[in-house]
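Residue numbers begin at 1 in each chain, while the letters A, B, ... track the order of the sequences.
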Amino acid sequence: MATPILQISGLTMDFGGIRALNRLDLDVHAGEIVALIGPNGAGKTTFFNCLTGIYTPTAGEILLTPPGSARSVSLKGLKPNQVTEKGLARTFQNIRLFSQMTVLENVMIGRHCRTKAFILGAVFRNAATRREEREIVEMSYAILDKVGLAHLANEFARNLPYGAQRRLEIARALATEPFLLLLDEPAAGMNPQETQDLDRLIKEISTDGHSILLIEHDMKLVMSLSDRIFVMDYGKKIAQGKPAEIRSNPAVIKAYLGEDVDA
Amino acid sequence: MLGFKEIKNGLLVSLWFVFLTFPLMVVKVDPVERIVSWRWENSIYVAIGTFVIYCVVKIIMQHRTGNAAVEKEAEQEKESIIHRVLASPKQKYTLIALLLAVAIAFPQFSSSYQTNVMTTALMYVVLGLGLNIVVGMAGLLDLGYVAFYAVGAYTYALLNHHFDLGFWAVLPIGGGMAAIFGILLGFMIVTIFIVNRLQDSRLGRAWIALREDEIACQAMGIDKRRTKLVAFALGAFWAGIIGVVFAAKTTFINPASFTFLESAIILAIVVLGGMGSIVGVILGALILILLPEYLRALSEYRMLAFGAILVAMMVFRPRGLISNIRRTYHSDKKFHPPIQH
Ligand SMILES: Nc1ncnc2c1ncn2[C@@H]1O[C@H](COP(=O)(O)OP(=O)(O)OP(=O)(O)O)[C@@H](O)[C@H]1O
Ligand SMILES: [Mg+2]
């Protein structure tokens with residue numbers, strides 16, 4: 001098998017006395033949709049934060065290998081913007097849009113790391129800058145169209161309904177041209193219809209050639225989308241495998257699904 | 001109308017204000033005669049005044065919530081007129097050209113005192129526009145802004161003193177105020193132009209995104225430190241240039257000209273005008289600089305009035321005089337219709 005595009009080994013994160021991540025191993029291959037599940041407080045979001053440079057992990061290694069490339073780069077110690085430049089983009093569990101900017105501008109921000117214009121370009125608006133701006137606008141519109149928000153392009157982001165805000169987060173991340181997309185609970189707060197649209201959207205994004213790592217509590221969505229599933233509890237990996245294997249794994253049922261049985 | 005509860009609250013608020021203004025309004029110390037006079041009648045005026053203002057505000061507010069829907073529509077209408085003017089480049093430039101014409105004609109027809117006041121106002125417009133990049137757009141609190149203003153002024157002063165740099169040196173004596181006024185005016189136009197372009201550029205968007213959410217901004221691939229530094233540097237650049245103009249205009253500078261109060265006033269200009277709005281900053285500067293100047297008649301109370309205006313602004317228009325508008329973009333391509341359920 002080819003080298004995984006993302007290979008994480010022994011990832012550990014301590015907050016004072018709390019060990020939020022405990023020697024976690026995980027890998028994602030090109031073209032895969034991988035789900036990361038676990039009960040509340042298991043450390044899933046912390047894992048994303050370590051990956052994207054928001055937290056600096058206490059120990060462990062994060063290796064990124066762009067598809068078709070033979071060279072791996074370590075993400076450890078990189079700043080969030082450098083991680084994004086390397087081809088990893090994410091959405092946030094608690095929506096973090098730029099609420100005073102328009103929907104389109106939110107996506108245009110995602111193009112920042114792939115474009116160059118600076119002070120002089122902004123002031124003199126030379127041909128190269130104008131072309132670049134045009135490309136940013138057109139590409140952002142195309143991405144909005146993909147997530148079904150093109151008709152709302154000039155609305156303020158804060159005025160969008162909840163489900164649309166979640167899709168806008170995905171659009172903004174896509175604009176950075178990631179080969180690996182990290183989604184933190186993209187279906188949270190969505191109604192069944194919206195979740196179904198999201199299911200379709202994520203499959204489309206996958207077909208377009210993006211690999212996806214997804215945190216999600218909606219089991220129906222996880223089972224429908226994932227090629228493989230990783231399960232964690234108390235910062236530790238407790239299981240990994242195909243959806244069918246996870247569904248019947250006793251450790252998972254005890255840690256995760258057991259919650260529902262008790263409730 | 002007002003109920004018993006509001007009236008009771010009004011009385012309490014009045015009492016509180018009488019207490020607060022007691023040292024200012026009632027006690028009068030005459031250091032020469034060494035006597036203290038008590039002007040009790042003033043406390044009655046304060047009480048009545050406060051009570052009336054309180055009731056008027058309450059009634060207006062009740063009225064507002066009563067006709068909320070109508071009011072909201074009217075407000076939108078009102079907003080949209082100024083916003084429409086600002087949104088259409090043609091009308092905006094006409095407006096700016098009109099202001100320009102007035103400004104150029106101004107020194108011709110007015111006293112040198114008036115020109116002097118206007119020059120000061122213009123300086124603050126440019127200072128405000130510079131700080132607007134740092135505070136309004138990038139959302140960074142910059143209380144040391146005046147330091148760069150001082151650097152500009154001292155640079156000019158020292159160069160002038162030691163090397164006798166000619167051009168600016170003769171300006172205050174020869175061409176005088178009108179010349180400085182004209183140069184400043186031109187400079188303000190250039191500043192407006194540049195800030196306007198920056199606002200809708202890749203860099204300007206990054207600043208605004210940084211103001212909105214730093215973490216999301218970094219996660220979208222924006223280098224936080226570099227982007228902030230550029231905002232600081234650009235803001236400082238304008239402060240420095242106005243410092244030069246200031247030194248040339250007054251021909252005398254000392255550290256007392258560059259106090260924290262100065263920074264605070266420039267900050268107030270940006271906040272009053274509406275963070276990130278160019279027209280707002282111009283309005284803010286004109287109001288904050290011209291108002292105290294023309295309120296000189298009320299000399300002792302002008303700082304009080306100044307404060308009251310700022311407080312009223314925070315209460316009634318916390319987002320500033322002119323709320324921000326964002327540029328809209330269009331594409332000629334055909335898009336899928338929205339999903340219908
Ligand atoms: N910055 C921080 N400082 C201290 N503790 C933290 C910090 N961030 C997370 N934690 C702790 O780490 C643990 C894991 O939290 P995390 O948010 O990663 O869980 P999660 O799996 O994403 O949960 P959920 O499903 O509710 O989103 C929690 O106990 C949390 O309190
Ligand atoms: Mg989480």
Peer 1: If you measure from the Lys or Arg side-chain nitrogens to the Asp or Glu carboxylate oxygens, is any gap between Arg205(B) and Glu133(A) under 4.0 Å?
Peer 2: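 Salt bridge flag = yes for Glu133(A) with Arg205(B).
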Peer 1: Where does Lys146(A) contact chain B at under 4.5 Å (heavy atoms): side chain, backbone, both or neither?
Peer 2: neither
Peer 1: Output the distance between atom OG (Ser201(B)) and atom CZ (Phe118(A)), rounded to the nearest 0.5 Å.
Peer 2: 9.5 Å
Peer 1: Taking non-hydrogen atoms and a cut-off under 4.5 angstrom, which of residues 187-196 of chain B neighbour chain A?
Peer 2: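 Result: Phe193(B), Ile194(B).
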Peer 1: Which atom pair, heavy atoms only, marks the closest approach of Thr115(A) to Arg202(B)?
Peer 2: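 Thr115(A) and Arg202(B) have their closest heavy atoms at O-NH2, 2.8 Å.
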Peer 1: Looking at residues at least two apart in the chain, or sitting in another chain, which of them share a ring pair (Phe, Tyr, Trp, His ring centres under 6.0 Å) with Phe179(A)?
Peer 2: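 Applying ring pair (Phe, Tyr, Trp, His ring centres under 6.0 Å) to Phe179(A) gives none.
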Peer 1: Can you find a heavy atom in the side chain of Phe92(A) that is under 4.5 Å from one in the side chain of Ile215(B)?
Peer 2: yes
Peer 1: Decide yes or no for His330(B) and Tyr141(A): does some side-chain heavy atom of the first lie under 4.5 Å from some side-chain heavy atom of the second?
Peer 2: yes
Peer 1: Side chain from CB out, backbone as N, CA, C, O: work out which of these in Glu169(A) comes under 4.5 Å of a heavy atom of chain B, or both, or neither.
Peer 2: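 Neither part.
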Peer 1: Does Asn81(A) reach the main-chain N or O of Lys224(B) with its side chain, forming a donor-acceptor pair under 3.5 Å?
Peer 2: no
Peer 1: Given a strict heavy-atom distance threshold of 4.5 Å, which part of Leu104(A) is in contact with chain B: side chain, backbone, both, or neither?
Peer 2: side chain
Peer 1: Return yes if some donor-acceptor pair links the side-chain N/O of Glu212(B) with the main-chain N/O of Gln100(A) below 3.5 Å, else return no.
Peer 2: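 Checked: pair present.
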Peer 1: Is it true that a side-chain atom of Ser331(B) and a backbone atom of Glu138(A) form a donor plus acceptor pair closer than 3.5 Å?
Peer 2: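 Pair absent, no side-chain N/O of Ser331(B) close to backbone of Glu138(A).
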Peer 1: Side chains of Met108(A) and Tyr329(B), heavy atoms from C-beta outward: is any pair under 4.5 Å?
Peer 2: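 Heavy-atom side-chain distance check passes, below 4.5 Å.
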Peer 1: Are side-chain heavy atoms of Phe98(A) and Asp213(B) found at a separation under 4.5 Å?
Peer 2: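 Touching, per the 4.5 Å side-chain cut-off.
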Peer 1: Is there side-chain contact between Gln218(B) and Thr84(A), with at least one heavy-atom pair below 4.5 Å?
Peer 2: no
